[in-house]
Amino acid sequence: MAETYSEKANEKSGAFFADVKRVAGFFQTAGFIGFIGLIAAIVLGGAKTATSVSGLNLVMQSYTFGYIFWLTLSLGCLGVQLLAGMLKATWAISILRVAEAGASNLRYLFFLGLPLVASMFFGDQMGFHLYHWTAPEAKLDPVLVHKAPFLNAGAVLARYLLCFGVWIYWNHYLAYGKRGTIEQEKTLDMTQAQYRVNVAAPGFLFFGISITFFYTDFVMSLDPHWFSTIYGVWWGAVGIGAAIALGTVFVTRFHDRKPMDTIVTPGLTKDLGNMLFGMTMVWGYFSVSQALIYWSGNLPEYIGFYYDRFKGAYATLGFFIVMGQFFVPFLILLSGRTKRTPAMLGAIAAWIISVRVVDVWYQVVPFFGRAINDYGAIAVDFAAWAFVGGVWVALFAAQYTRFSPVALFDTRLQDKKNEGAH
Amino acid sequence: MASGNNNGAPFGLDKHEPDHVGHDGGHHSHAQAYEAEQELTGLHGIIAEYHDPDDLLHAARLANEAGYTKMDAYTPMPIHGLAEELHHEDDRVPWSAFFGGLLGCLGGWMGQYYVAVVDYAWNVGGKPLLSWPQMIPVAYEMTILNAGFAAAGSMLFLNGLPRPYHPVFGAKNFERATVDRFFLCIEAHDPQFETTDVARFLRSTGADNVSEVAK
């Protein structure tokens with residue numbers, strides 16, 4: 001049955017899927033080049049860069065950046081899936097297939113994240129510690145000793161298994177399980193939607209908690225002395241914003257192509273534009289609240305994070321991110337014309353995703369204390385980004401092209417379009 | 001408004017060639033010309049009453065297709081898509097809100113700058129006098145407040161509110177516009193306006209009632 005369903009979806013969306021696969025092919029090539037780059041960086045041992053770190057250490061740092069970006073995008077997709085499951089909002093249906101396919105990559109990201117977990121266990125054998133709290137010296141630091149019952153490799157692994165287990169289960173339940181949207185398209189049994197609401201509503205609550213634990217373990221603990229309570233939710237806003245932007249790119253890029261043309265109306269692009277506008281505001285709000293509280297307090301244990309990111313050229317990059325991530329999309333999305341014109345909305349959505357790549361780099365890499373003008377190391381960072389991205393996009397495209405890109409279990413968007421036609 | 005096109009009319013001197021596009025040919029008698037003037041000056045418009053919002057939306061769409069441009073709708077609740085059908089494309093309120101917000105932001109910022117840097121320069125915790133991150137919340141709130149004031153204020157001003165009386169209040173059954181009826185009024189200053197044509201057109205859209213609205 002799954003085969004006939006996929007064949008049907010493919011038949012209707014052949015040209016559309018061919019485009020998606022072509023872009024995926026481009027990313028796969030970039031990913032392959034990135035992979036070669038990573039191998040070269042390990043072999044050359046970082047000698048070509050200004051850093052004193054070993055090749056493997058540098059590659060692990062870069063890999064952390066690449067992995068965290070694509071994981072954040074997948075978690076954002078899961079967030080959109082949970083929102084769509086609980087809200088019954090029509091805008092969410094238009095980007096749901098993108099969100100489902102993006103979140104389905106979590107099952108592969110589980111394996112891609114294992115090197116980070118392994119580095120917590122085997123830092124001594126590898127000769128460096130990606131996470132300082134795993135080093136033997138941590139036992140001499142009273143703060144880290146105090147944190148050790150929570151922040152230790154075993155506990156991180158346990159939380160890693162729990163978080164990924166639940167995330168993967170939700171993605172499966174909401175999309176591919178017997179109560180999922182795909183199954184509902186075959187059975188057309190409307191009663192299944194209520195089951196998804198019952199799972200997605202508490203799920204979204206747990207989603208917020210689980211990402212807080214995850215980003216605390218894997219990003220915040222890169223500087224184990226620093227802490228921020230809004231950090232996990234900030235990453236959630238980054239991810240959900242990027243996921244909505246990715247969905248918007250699909251909707252607007254193919255708005256006049258089969259089968260996307262059956263759902264795209266000015267009302268829909270306006271809704272998506274307003275969601276992007278809202279997520280831009282959320283990003284600004286979370287970023288400012290964290291910075292403002294630490295600026296006011298001005299306490300040494302808080303400000304290390306910002307001290308690292310305001311040093312020299314890092315401050316310029318930070319200024320660019322505030323402009324690019326907040327003011328540019330904010331001002332452009334204020335206009336109703338942007339939201340009515342698919343090409344303009346798609347361009348701003350693509351811009352949001354691009355700046356988010358830089359933003360994630362600005363979040364993760366300064367933790368490693370590298371000089372910003374270490375261009376060789378930056379090249380390795382983006383080789384790692386391309387490598388994980390190549391894998392991510394290839395798997396995404398494979399999953400996305402299996403099903404109808406326009407959700408058929410809930411046809412309110414199609415109905416609205418038809419209503420406008422007569 | 002209609003009277004604006006007919007400044008000479010009250011003097012009653014030149015009724016031979018009314019600048020009224022709705023009439024065909026140039027063979028007007030005095031009586032016909034006088035009637036044309038009455039259409040323009042004596043009527044606010046023709047109003048149609050519907051009991052279903054979808055009927056109203058459909059009628060507005062048909063009126064659009066028929067080429068009418070000066071019309072307004074009156075409904076007890078907002079109806080999605082109606083503003084688009086009526087071609088109410090006026091950007092003045094959004095732009096007022098934008099500039100109001102911008103002024104509020106600058107005002108909030110400058111006010112804090114004056115207090116913290118110029119008038120009462122005080123070292124707080126060793127921070128610079130221009131401690132800009134702490135100025136964000138006030139500047140932000142002033143942006144929102146002033147954008148809100150500008151939006152509401154410009155809306156009232158551009159609508160000519162408060163306005164105790166409007167001709168459409170005299171329309172038949174109009175008290176139900178705030179309860180359960182939906183009205184579409186094609187106004188007399190529409191270039192295509194012609195009383196009998198408009199009334200016939202509105203009846204053809206399935207209106208429950210069609211009536212003239214006096215000025």
Side-chain angles (χ1 to χ4, degrees), chain A residues 89-91 265-271 273-274 277 280-300 302-303 305-307 309-310 315 318-319 322-323 326-327 330-341 412-413 415-422, chain B residues 52-62 64-65 78-85 87-102 104-106 108-109 112 116 123-141 143-144 147-148 150-151 205:
Chain A
T90 48
W91 64 266
T265 55
L268 174 65
T269 54
K270 187 181 171 196
D271 283 351
N274 284 339
F277 183 77
T280 299
M281 294 285 283
V282 168
W283 182 92
Y285 178 74
F286 286 171
S287 302
V288 162
S289 349
Q290 182 179 283
L292 190 61
I293 288 165
Y294 290 180
W295 173 272
S296 308
N298 201 21
L299 297 170
Y302 289 153
I303 60 170
F305 177 83
Y306 287 105
Y307 185 77
R309 283 162 185 77
F310 283 2
F319 177 77
V322 171
M323 286 292 141
F326 181 75
F327 284 100
F330 178 85
L331 290 174
I332 292 179
L333 287 168
L334 269 181
S335 149
R337 194 179 305 130
T338 310
K339 288 176 272 193
R340 277 194 302 271
T341 317
R412 279 177 293 162
L413 285 167
D415 298 345
K416 214 180 267 178
K417 176 104 185 180
N418 291 337
E419 210 174 87
H422 65 62
Chain B
D52 188 319
D54 288 338
D55 288 349
L56 171 65
L57 203 58
H58 186 60
R61 196 170 291 146
L62 290 176
N64 243 334
E65 284 163 12
I79 294 174
H80 192 70
L82 187 57
E84 286 77 12
E85 294 299 346
H87 285 286
H88 283 189
E89 289 150 349
D90 190 335
D91 280 347
R92 286 176 295 174
V93 171
W95 278 111
S96 303
F98 177 78
F99 284 109
L102 200 64
C105 181
L106 285 173
W109 191 272
Q112 292 178 88
N123 184 330
V124 180
K127 294 191 187 71
L129 291 176
L130 179 61
S131 182
W132 63 265
Q134 276 172 329
M135 294 183 179
I136 293 173
V138 172
Y140 171 74
E141 295 301 342
T143 309
I144 304 295
T205 62

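Worth saying up front: this structure is predicted, and the values here are computed from it rather than measured. A, B, ... follow the sequence lines: proteins, then strands. Residue 1 opens every chain.
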Exercise. Does any heavy atom of chain B fall under 4.5 Å from the side chain of A:L331, the backbone, both, or neither of them?
Worked result: side chain

For this session: Below 4.5 Å from any heavy atom of chain A, which atoms of B:P137 appear? Answer side chain, backbone, both or neither.
Result: side chain

Exercise. Of the non-hydrogen atoms in B:K127 and A:W295, which two are nearest, and what is the gap between them?
Worked result: CE-O, 2.7 Å

Exercise. Going from OH on A:Y285 to OH on B:Y140, what distance comes out if it is rounded to the nearest 0.5 angstrom?
Worked result: 8.5 Å

